[in-house]
Structures are given as C-alpha cells and as structure tokens.
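Here's the structure, in structure tokens; my notes come after.
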Amino acid sequence: MLTLIRTEFVKLRRSLALSLCLAAPACVAGFAALALATAASDKRWERFLDEGLAMWSFFMLPMTVTALTVLLAQIEHGPRMWNHLLVLPVSRARLFLAKIAVALALLLLLQLLVYAGLYAAGFAMPAVLPDRQLTGDPQFRDMAVGLAAMAVGALPMLVLQLWAALRFRSFVPPLVIGILGTFAALVITASNASVYLPWLLPVYATMWPKLAGLWGVWLGVAGGVLAALAMLTDFHRREAF
Amino acid sequence: MQAAITTTRLCRRFGGVEAVRRVDLIVPRGCIYGFLGPNGAGKTTTIRMLTGLLRPSAGAITMLGRAMPADRLAIARQLGALVETPSLYDHLTGRENLDITRRLLGLEATSIDAALELAELRQAGDLRVGTYSLGMRQRLALGRALLGSPRLLVLDEPGNGLDPDGIRDLRIMLQRLAADAGLTIFVSSHQLAEVQQMATHVGVMARGELLAQGRLADVLGGGRSRVEITTDRPREAQALLAAARHRVRREGDLVIADVPARGDAVADIIAALTRAGMRLSEVRCSAPTLEDLYLDLTRSRDPRGPAPALAA
C-alpha cells in the first residue's frame, strides 16, 4: 500500500494540485492580514484567528477541496490513464484507497499551511503596519486542535468530492456538487439539519471540545469511513472510467 | 500446445447493442496474432475484455491457462498491454512515467533504463512527455508495456501515428520479441501490409463477429497461387483445367485458376494449354494478399447474403 501511495506522490510532481495547496492557504493568510490592516482598532489574537478559521472553514476549505480533488482526478482522466492503471496487477480497492490517502495527506498539508500562514500574517503585521498589533494570547494549542478537528470533520466532504471527481471524466459534475454544497452550507447554517451537511461539518468540528464540535468530529470519522466504503464498492463494480 | 488466449462464445452488449457476438478466439503461444477489422468491428471491445477493463456479457476467456476476469491479478502479472491511445502523464518525464509503473510492478530501478533503451528514448528520458512526438509516445508506452518481461503482449493499434520508419521499426521489434523471448503478441491493426509481413496468425472481425482466423498461410488460401490466363479459347481452357482438377472460373476472356504455390504448377498449366494448341497472350501469377482477404470478408459479410467459404 505504501508503494501505491508513493507512486501517487510521484504523479503530483509539477502538478497544479500541489500549486493549489500552496495558493489556497496563502489566500486565507492574505485575506486575514487585509482584514487586520483595515480594522478600525487593534485586535486580539483570538478574534484574528477566529476570523481566519471562519473564512477557511465556511468557504475556502470546501472550494479548495473541490478544486483539489478535481485536479487529482484529472491527472488520471486527462490522459485516459485508467486504460493503463486498471490493467496492472493491482487491485482496484488498493488503487483508489491510495487516492483517498493522498487526498487526505494534502488536506493535512493545507491545514498545516493555514496554521503557519495565519501566524506568519499575524506576527509580520506590526513590521509592515506598526499600529496594527495583535494583543492577548496567540493560542497556539487551541488553533492546532481546531484545525485538526476541522480536518477530521472535512473527511466526508473530501471523500464525496473525490468520488465525484473520479467517477466523472468531466470536471463539471464535481465542480457543481462542490459549489452547491458550499453555498447550501452558507444558506442552511442556522437550520438544525445543517449538522448533517458534509460541507458544514468542518465548521462544527472547530467547536471541539464543545458538544457541537464532538458531533462534527465523530460524524466526520463515521461519514468519512462510510463514504470511502461506498466509493470503493462503486469503483469495484464499475467498468469504464 | 496450450493456447495463450482462448475465448468461448464471447459476447458483450451495451444496452441493446451487441458489440461482440459469440467470438471464439484461439491465439497459440509464441505467435504474433494480427487482429483485423474495420472501425466498429468490436476489436477494441474484445481487447478491453481480454485485459479486464470490461466484463463479458456472456462467454468465457482463458488467458495463459487462467480464467479472466476471475484470475485477473495473476494474469496481469504476465501481461503487457497498450489499449487505445498511449496513456501517459504529460507533466512527468518519460523516466518518471516508467518509474510509476515500475514501482507498481515491484521491479528494480534498473528496469527503467532497459525500457528506455528498448524504446530508443535514452536521450529523451528526462524530458517531459508533453514535449514528445506521437511516435515517441507510442514507443514509450510500448517500452512501459514490456516492463516486467510479460509473456503476453496485447496491443491495440500500436502503429497509429507512426511514420513509415516507425512502423517498420515496430514490426522488427515485435518480430524480435516473439522470436527471441517467446512472447505471444496479440496486435490489432489497420495496417494490413504490415500485419501480413509480421503476423503468423490472423483473425478478422466485422460487425462484432469473428469471420476467420488461423495461420496466415491457411487463411490466405492454404498456400495457393492465383493464375490469370488470357487466351483466344477461354471456354476450352477452362474445361481443360477443370478436367485436370484445378479450381477454375472464367471472367470474359480471362481464365482464373487457383493452383498450388509450388514452382512447377504454373509451368504445367502453360504446357498443357499450349499442347492443346491454345495461344496464350498473357499469364499472370499472384499470391493472395491479406488485403484481398480482408476486403473480401468485410465487404461481403452482408446480413442479406451468405458468408464466404473460408479456410479458417
């Protein structure tokens, strides 16, 4: 299995997927810095980080996951690589499990870069604008826990988006699903049913260790595993890609 | 000898359309099997079933003594394949493309250099595949199909996009692989002249059915030549040759006979006709070509008419 995952990383060389993993967290850090630079008064670290997390979890993360999974799938769809890969002596389950593993690794990389980017923006701001100082505790640990919980909560969304991206040769269906999911999450946030929406689970998960956060994390784990099993079953039965 | 590939009443339907109908392939081990047919004949669908990319709707496939798709992984370890267009990662180098397959097959890193050497891409190995010509891509894909020293090679239109030199090089390479390594090569192609020079066995498909297959010489008429004779007395010439138990027919003044392709057979015919006092103004002798057979089979296979008699 490790060999398969390594080959997936070889495929990422010079790919747009890796560039996206750098660009998306940089955007979040940039927007958070812009919000801080244009704020009416000094901010506390807690509020600065909350704003960054909200921006990432509500909008940027679902859209980034949508684009990332599409790019990962297009690496295979574009040159019709399935005609080669599915003839090799490798089981389909392992082949697609490796895809999930790589998508998960890139999600963790995104979370790590968002963490680093927000702190880099926060600490660098006084050097650029001396009157913009963040006050209070930088909350390194809480931020790390929040981003880790968010990653777990994002598992169902990640697998569902990857499933759609691999299932359709065209990038349009997964893109439409991602955009609809992201905007549905924004629209039904206040509803009780929102906690079941995969595109909103990362937001709930950041509330860890509160009840909503626990719900987001556990539903993320269960939903991620179920979605992965459903995807593998579908691809085991499916013939053409 | 056990066959490398056999199919028994192989069928594949897409909705209500029967793309492959009751195909019984027999591909002997160590042969080069040319798989011919017009576009839409069912060749690629058959190849996709042989490689496990599609499941048969009915019928059975045995490859290298194992059942496909039940033993797909075991078969795939001995199988090299090139299905449709050469599938390659354009953003990676030739070497990196080979490295991915090399890792998945569990081979040593040195196998990459051997494959690049075979594909004559040693100099271009570190260039991105996106910069390769179609011929280079075909060669790289073929080199990749040969990674792991397979016993059976299944190639779908490998000559597509190659220039005449490339096609000739491909033919020589495949003949060498079959002769030196004992590889069985199953190759679909539209290049009939190339297949005739390369293949030991052929199969012809049209409209989803296998119309003929067997050793090339047998399929082409069992080692017989066609003799066209222009004479002043064609009726008498036809009667004389028929009496001598030759297969003969007449088209106007032209008498056409199928004779054994041995050196003195034509000389015997000429001697017999001149002894009978006939004036022969022209005698032309030719061996039937694969193109003749292909056109004969694929054009005459009309649902309204009977199938031609075959030496299959």
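Hydrogens, waters and symmetry mates are skipped; everything else that's a heavy atom, side chains included, is used.
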Ranked by heavy-atom pairs below 4.5 Å to chain A, first place among B:L92, B:D90, B:L82, B:L79 goes to B:L92
If one checks every heavy atom of A:L85 against chain B at 4.5 Å, the contacting part turns out to be side chain
Residues of residues 12-23 of chain A with a heavy atom under 4.5 Å from any heavy atom of chain B, in residue-number order, are A:R13, A:R14, A:S15
Expected contact set for residues 97-106 of chain A against chain B at heavy-atom separation under 4.5 Å reads none
On a heavy-atom basis, the closest approach of B:S87 and A:H84 is CB-CB, 4.3 Å
Residues 150-174 of chain A vs chain B, non-hydrogen distance cutoff under 4.5 Å, contacting residues -> none
Shortest non-hydrogen pair, A:V87 vs B:A81, comes out as CG1-CB, 3.7 Å
TODO: Return yes when atom CZ of A:R238 has more than 12 non-hydrogen atoms of other residues, nucleotides or ligands closer than 6.0 Å, and no otherwise.
DONE: yes
Tightest non-hydrogen contact, residues B:I100 and A:K11, listed as CD1-CG, 3.5 Å
field: A:F31 atom CZ: more than 12 heavy-atom contacts under 6.0 Å
entry: no
One option among B:T51, B:V83, B:L53 has the most heavy-atom pairs under 4.5 Å with chain A, and it is B:L53
Turns out that what part of A:R94 lies under 4.5 Å from chain B's heavy atoms comes down to neither
Most heavy-atom pairs under 4.5 Å with chain A, out of B:E84, B:R72, B:Q78, belong to B:R72
Taking atom OH as the centre, does A:Y196 end up with more than 12 heavy-atom neighbours from other residues, nucleotides or ligands that are less than 6.0 angstrom away? no
Heavy-atom nearest pair, A:L4 first then B:L104, reads CG-CD2, 3.8 Å
When every non-hydrogen atom of A:L88 is compared with those of B:L73, the smallest separation belongs to O-CD2, 4.5 Å
CG of B:D99 to OG1 of A:T7, rounded to nearest 0.5 Å, is 9.0 Å
Closest non-hydrogen contact found for A:R237 with B:R55 is O-NH1, 2.9 Å
request  = Look at A:E8 together with B:R103 and state whether they make a salt bridge at an N to O cut-off of under 4.0 Å.
outcome  = no
**Asked** Is the number of heavy atoms from other residues, nucleotides or ligands within 6.0 Å of CZ (A:R80) greater than 12?
**Response** no
Under a 4.5 Å heavy-atom criterion, the part of residues 111-130 of chain B in contact with chain A comprises B:R128
